[in-house]
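First up is the structure itself, then whatever we jot down about it.
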Amino acid sequence: MTTTPKKKKPAQEPEAKKPPSSNSADAKWGKMVMARGFVIIPSILLRAQGRLGLSGTQLAILLQLIDWWMDAKKHPWSKKETLADRIGISERQLQRQVAELEKAGLVRRVEKITNHGKRPNGYDLSGLVARLKALAPEFKAAAKAATDVEKKGGAAAKKAA
């Protein structure tokens, strides 16, 4: 049985490390900050804060919950104490704000009970997701309209066509 000798790959020079582009997260925030992790937040959530009727505290609560939402199939959860401490409010204030988010249909508390007793609440964010999905077409249309305004003849020319 004969074997064919393996061909050696030509030696390649190591690629020079490229500096991060100026719009990369590392360039904006620094590697040490980004090494701790990051979370993806839909821009529509931030841009529609007023339309959703969210106070700054309520938005902060949602952002904290989103930070804990690692798996789309599992609800994020947190101890009230931890969540309140992160935001800088009392546990009672947190409870009132979450109740308002529930009333608005954006969040639903999911009680967790195990053999070891009650566990921290989970938070179902499907109401928030549904509201953002409903707003998405409006934001897309607004972005398109803004683009049309910038083109030669503007939006009026686009309508006339």
Side-chain angles (χ1 to χ4, degrees), residues 12-151:
Q12 294 178 346
E13 291 192 29
E15 283 187 36
K17 285 193 174 184
K18 296 177 186 174
S21 72
S22 62
N23 65 351
S24 76
D26 284 349
K28 291 176 188 174
W29 298 102
K31 285 185 184 254
M32 286 183 64
V33 171
M34 292 309 298
R36 185 64 185 109
F38 60 91
V39 63
I40 296 173
I41 305 293
S43 293
I44 292 175
L45 174 58
L46 302 176
R47 294 175 185 174
Q49 178 182 350
R51 288 189 57 191
L52 293 168
L54 297 173
S55 70
T57 301
Q58 292 166 340
L59 179 62
I61 291 167
L62 291 173
L63 293 174
Q64 292 294 331
L65 293 174
I66 292 167
D67 187 41
W68 279 306
W69 196 15
M70 302 299 172
D71 185 332
K73 296 177 183 175
K74 296 179 183 176
H75 302 302
W77 60 274
S78 170
K79 290 182 180 179
K80 284 182 280 195
E81 176 186 20
T82 304
L83 189 52
D85 282 348
R86 273 188 167 193
I87 298 168
I89 60 177
S90 71
E91 287 182 46
R92 184 65 193 120
Q93 288 171 310
L94 175 71
Q95 288 172 321
R96 283 193 293 269
Q97 294 298 319
V98 170
E100 289 295 318
L101 290 167
E102 282 185 299
K103 190 175 170 182
L106 300 174
V107 171
R108 185 177 59 85
R109 280 180 273 205
V110 179
E111 198 172 291
K112 286 182 159 189
I113 299 176
T114 66
N115 292 338
H116 304 291
K118 190 172 178 187
R119 307 282 299 173
N121 285 333
Y123 296 88
D124 180 350
L125 301 177
S126 60
L128 173 65
V129 172
R131 290 281 297 279
L132 295 180
K133 284 180 178 179
L135 288 172
E138 286 184 54
F139 277 83
K140 184 176 181 179
K144 174 87 171 89
T147 301
D148 288 344
V149 167
E150 294 168 2
K151 291 182 180 174

**Study point:** Under the side-chain contact (heavy atoms from CB on, under 4.5 Å) test, residues paired with W69 that sit two or more places apart
**Key:** P76, L125, V129
**Study point:** Partners meeting salt bridge (Lys or Arg N to Asp or Glu O under 4.0 Å) with E91 (sequence neighbours left out)
**Key:** none
Exercise for review: May I ask you to test the Q95-R92 pair for a side-chain heavy-atom distance under 4.5 Å?
Suggested key: yes
Exercise for review: Measure across M34 and A25 and return the closest heavy-atom pair with its distance rounded to 0.1 Å.
Suggested key: CE-CB, 3.5 Å
Review point. Can you find a heavy atom in the side chain of L54 that is under 4.5 Å from one in the side chain of L106?
Key: yes
Review point. Taking atom types as modelled, is there a side-chain donor on D26 or S24 under 3.5 Å from an acceptor on the other?
Key: no
Practice item. Find the distance between NZ (K140) and CD1 (I44) and round it off to the nearest 0.5 Å. Key: 11.0 Å
Exercise for review: Mind checking side-chain contact (heavy atoms from CB on, under 4.5 Å) for V39 and listing every partner two or more places apart, or none if nothing turns up?
Suggested key: I41, I66, D67
Practice item. Flag the pair L45 / L128 as yes when at least one side-chain heavy-atom distance between them is below 4.5 Å, and no otherwise. Key: yes
Check your understanding: How would you list, by chain and number, every residue that makes a side-chain contact (heavy atoms from CB on, under 4.5 Å) with S55, sequence neighbours excluded?
Key -> T57, Q58, Q97
Review point. Of the options L59, T82, I87, L94, which is the one that meets Q64 in a side-chain contact (heavy atoms from CB on, under 4.5 Å)?
Key: I87
Review point. Does any non-hydrogen side-chain atom of L135 lie less than 4.5 Å from one of L52?
Key: yes
**Study point:** salt bridge (Lys or Arg N to Asp or Glu O under 4.0 Å) involving D85 - partner list, sequence neighbours excluded
**Key:** none
**Study point:** Student check: side-chain heavy atoms of R109 and Y123 closer than 4.5 Å
**Key:** yes
Review point. For residues 36-48, which residue pairs qualify under salt bridge (Lys or Arg N to Asp or Glu O under 4.0 Å), counting only residues two or more places apart or in two chains?
Key: none
Exercise for review: Supply the atom-to-atom distance I61 CD1 to Q93 CD, rounded to the nearest 0.5 angstrom.
Suggested key: 9.5 Å
